[in-house]
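Small disclaimer: the values here were computed from a predicted structure and weren't measured.
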Amino acid sequence: MTESRVLVQIDGPLAYVTLNRPDKLNGIDLETIDELIAAATSLRGNREVRAVVLRGNGRSFCAGLDFGAAFKDKKKVARMFFAGPRAVNRFQLVNQVWRELPVPVIAVVHGHCYGAGLQLAACADFRFTTPDATWAILEAKWGLVPDMAGTVPFSELLPADVLMRLAMTGEQFSGARAGELGLATEVSEDPLKSALALVDQIIERSPDSVAATKQLVYGTRRGSLRKTYRLERKLQSAMFKASNTAIARRAGAAKTTPVFGPRTFGR
């Protein structure tokens, strides 16, 4: 029997949601996406839970999307990429659900925080990290754009030029640098301890005002999510078809320097 990819533990008013593929640095495959969405859905119905901590087992928080595992079932990938009536697809929903929870969600980051993992952390309400953790908007390495709902919090947390630099280059930066940029809420040698100190403060307040505050902040930050997510899907669809994307993916897998052809996207 396969062990759960996502573990949920309720400890009084606190829920721990733990990515559990330590041998893969908690890389996200399709089953992990399903289990994360199920975990958030379950927690949404638990009115006793006052806060959620997102974390990863083993050496890393999350090293990103596990392309090798995820793309074994290309038909399922295609189905999950289709948005349907909610205007968000499964790849976007897996992170958006944490912003929709009526309780604060805190990501505790160590080790790697790459790509899909960084988008998951960004969609938490707070991010606590070790100073030596390694962060990267890594989609650029594969010739892609961030398309798992990350563009919403990225645009809220970062100036446009900083976001474009990180998303265009895929450069790696430390947890300490993430704090300087404003991506991390707090940098700590013991980020879980620091996160729990915040939880202690929050649960002293009315759960209703906490939930209303979260809705108020996100509800007044930006325009239509439908439009934002539609653009994510449109651009990523174009990237999937681009010849330079295949070059980037082959080079990334082989750990070689890609040699790109002429630009095919944009006028």
Side-chain angles (χ1 to χ4, degrees), residues 5 19 21-33 36 56 58-78 80-81 89-92 94-95 107 109-123 129 132-151 153-154 158 162-175 177-178 181 183 231-266:
R5 285 163 164 75
L19 297 172
R21 298 185 75 213
D23 57 320
K24 299 295 184 180
L25 300 179
N26 296 316
I28 294 175
D29 61 2
L30 303 186
E31 290 77 11
T32 304
I33 290 174
L36 278 170
R59 297 189 294 117
S60 291
F61 173 69
C62 177
L65 189 68
D66 184 343
F67 282 96
F71 280 82
K72 286 180 180 178
D73 190 344
K74 294 183 179 179
K75 289 183 179 179
K76 185 175 181 180
V77 169
M80 292 175 70
F81 194 76
N89 65 25
R90 297 283 286 181
F91 291 100
Q92 294 165 329
V94 68
N95 294 330
V109 174
H110 73 290
H112 305 85
C113 185
Y114 291 165
L118 179 44
Q119 292 185 77
L120 174 61
C123 283
T129 182
D132 60 350
T134 308
W135 296 47
I137 304 177
L138 203 59
E139 285 77 11
K141 177 180 178 180
W142 309 103
L144 301 173
V145 299
D147 73 325
M148 294 179 68
T151 48
F154 289 160
L158 296 170
V162 175
L163 173 54
M164 285 191 289
R165 172 178 174 168
L166 297 177
M168 288 176 178
T169 65
E171 67 181 72
Q172 298 179 13
F173 52 99
S174 68
R177 181 60 175 157
L181 293 173
L183 265 178
L231 181 59
E232 277 191 353
R233 294 192 301 274
K234 177 181 178 181
L235 293 176
Q236 193 72 306
S237 293
M239 294 306 99
F240 283 142
K241 300 171 186 175
S243 57
N244 280 321
T245 299
I247 293 172
R249 291 179 64 180
R250 286 195 297 268
K255 294 181 170 49
T256 59
T257 301
V259 180
F260 295 111
R263 176 172 59 86
T264 61
F265 178 78

Are [X] and [Y] packed together at the side-chain level, in the sense that at least one heavy-atom pair is separated by less than 4.5 angstrom?
X	Y	result
Thr245	Leu144	yes
Ile247	Val259	no
Asn26	Phe61	no

Just jot down the side chain to side chain contact (heavy atoms under 4.5 Å, CB included) partners of [X], sequence neighbours excluded, or say none.
X	answer
Ala116	Ile28, Leu65, Met148
Ala140	none
Val162	Leu158, Pro159, Leu166, Leu181

For [X], side-chain hydrogen bond (donor to acceptor under 3.5 Å, both in side chains) partners two or more places apart:
X	answer
Arg59	none
Thr169	Glu171
Asp29	Arg5, Thr32
Arg177	Glu180

>> As a quick check of understanding, evaluate side-chain contact (heavy atoms from CB on, under 4.5 Å) for Leu36 and Leu19, giving each step before the final call.
In response: CA-CA 9 Å; Leu36 278 170; Leu19 297 172; 3.9 Å; yes
Give me the atom names and distance for the closest heavy-atom approach of [X] to [Y].
X	Y	result
Ala133	Val109	CB-CG1, 4.1 Å
Ala248	Gly143	CB-N, 3.5 Å
Gly117	Cys62	CA-SG, 3.5 Å
Ala122	Phe154	CB-CE2, 3.6 Å
Pro146	Thr151	O-CG2, 3.7 Å
Asn244	Gly261	OD1-N, 2.8 Å

> What residue pairs, at least two apart or across chains, pass side-chain hydrogen bond (donor to acceptor under 3.5 Å, both in side chains) with a residue in residues 136-148?
Replying inline: Gln119-Glu139, Asp147-Gln236
> According to the side-chain hydrogen bond (donor to acceptor under 3.5 Å, both in side chains) rule, which pairs have a member within residues 249-260, sequence neighbours left out?
Replying inline: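 Not a single pair qualifies under side-chain hydrogen bond (donor to acceptor under 3.5 Å, both in side chains).
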> Can you check whether Gly58's main-chain N or O pairs, donor with acceptor, with His110's side chain at less than 3.5 Å?
Replying inline: yes
>> Between Ser60 (side chain only) and Gly111 (backbone N and O only), is there a donor and an acceptor less than 3.5 Å apart?
In response: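 No.
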> What pairs with Tyr114 under ring-ring contact (aromatic ring centres under 6.0 Å, His included), at least two apart in sequence or on another chain?
Replying inline: His112
> Taking only residues two or more places apart in sequence, or in another chain, which ones meet Phe240 in a ring-ring contact (aromatic ring centres under 6.0 Å, His included)?
Replying inline: Phe81
> At what distance, to the nearest 0.5 angstrom, does CE of Met168 lie from CG of Leu163?
Replying inline: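 Result: 9.0 Å between the selected atoms.
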> From Asn89 CG over to Arg233 CZ, what is the distance, rounded to the nearest 0.5 angstrom?
Replying inline: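 It is 6.0 Å, given to the nearest 0.5 Å.
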> In chain order, what residues pass the salt bridge (charged side-chain N to carboxylate O under 4.0 Å, His left out) check against Lys241, with sequence neighbours excluded?
Replying inline: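 Partners of Lys241 under the salt bridge (charged side-chain N to carboxylate O under 4.0 Å, His left out) test: none.
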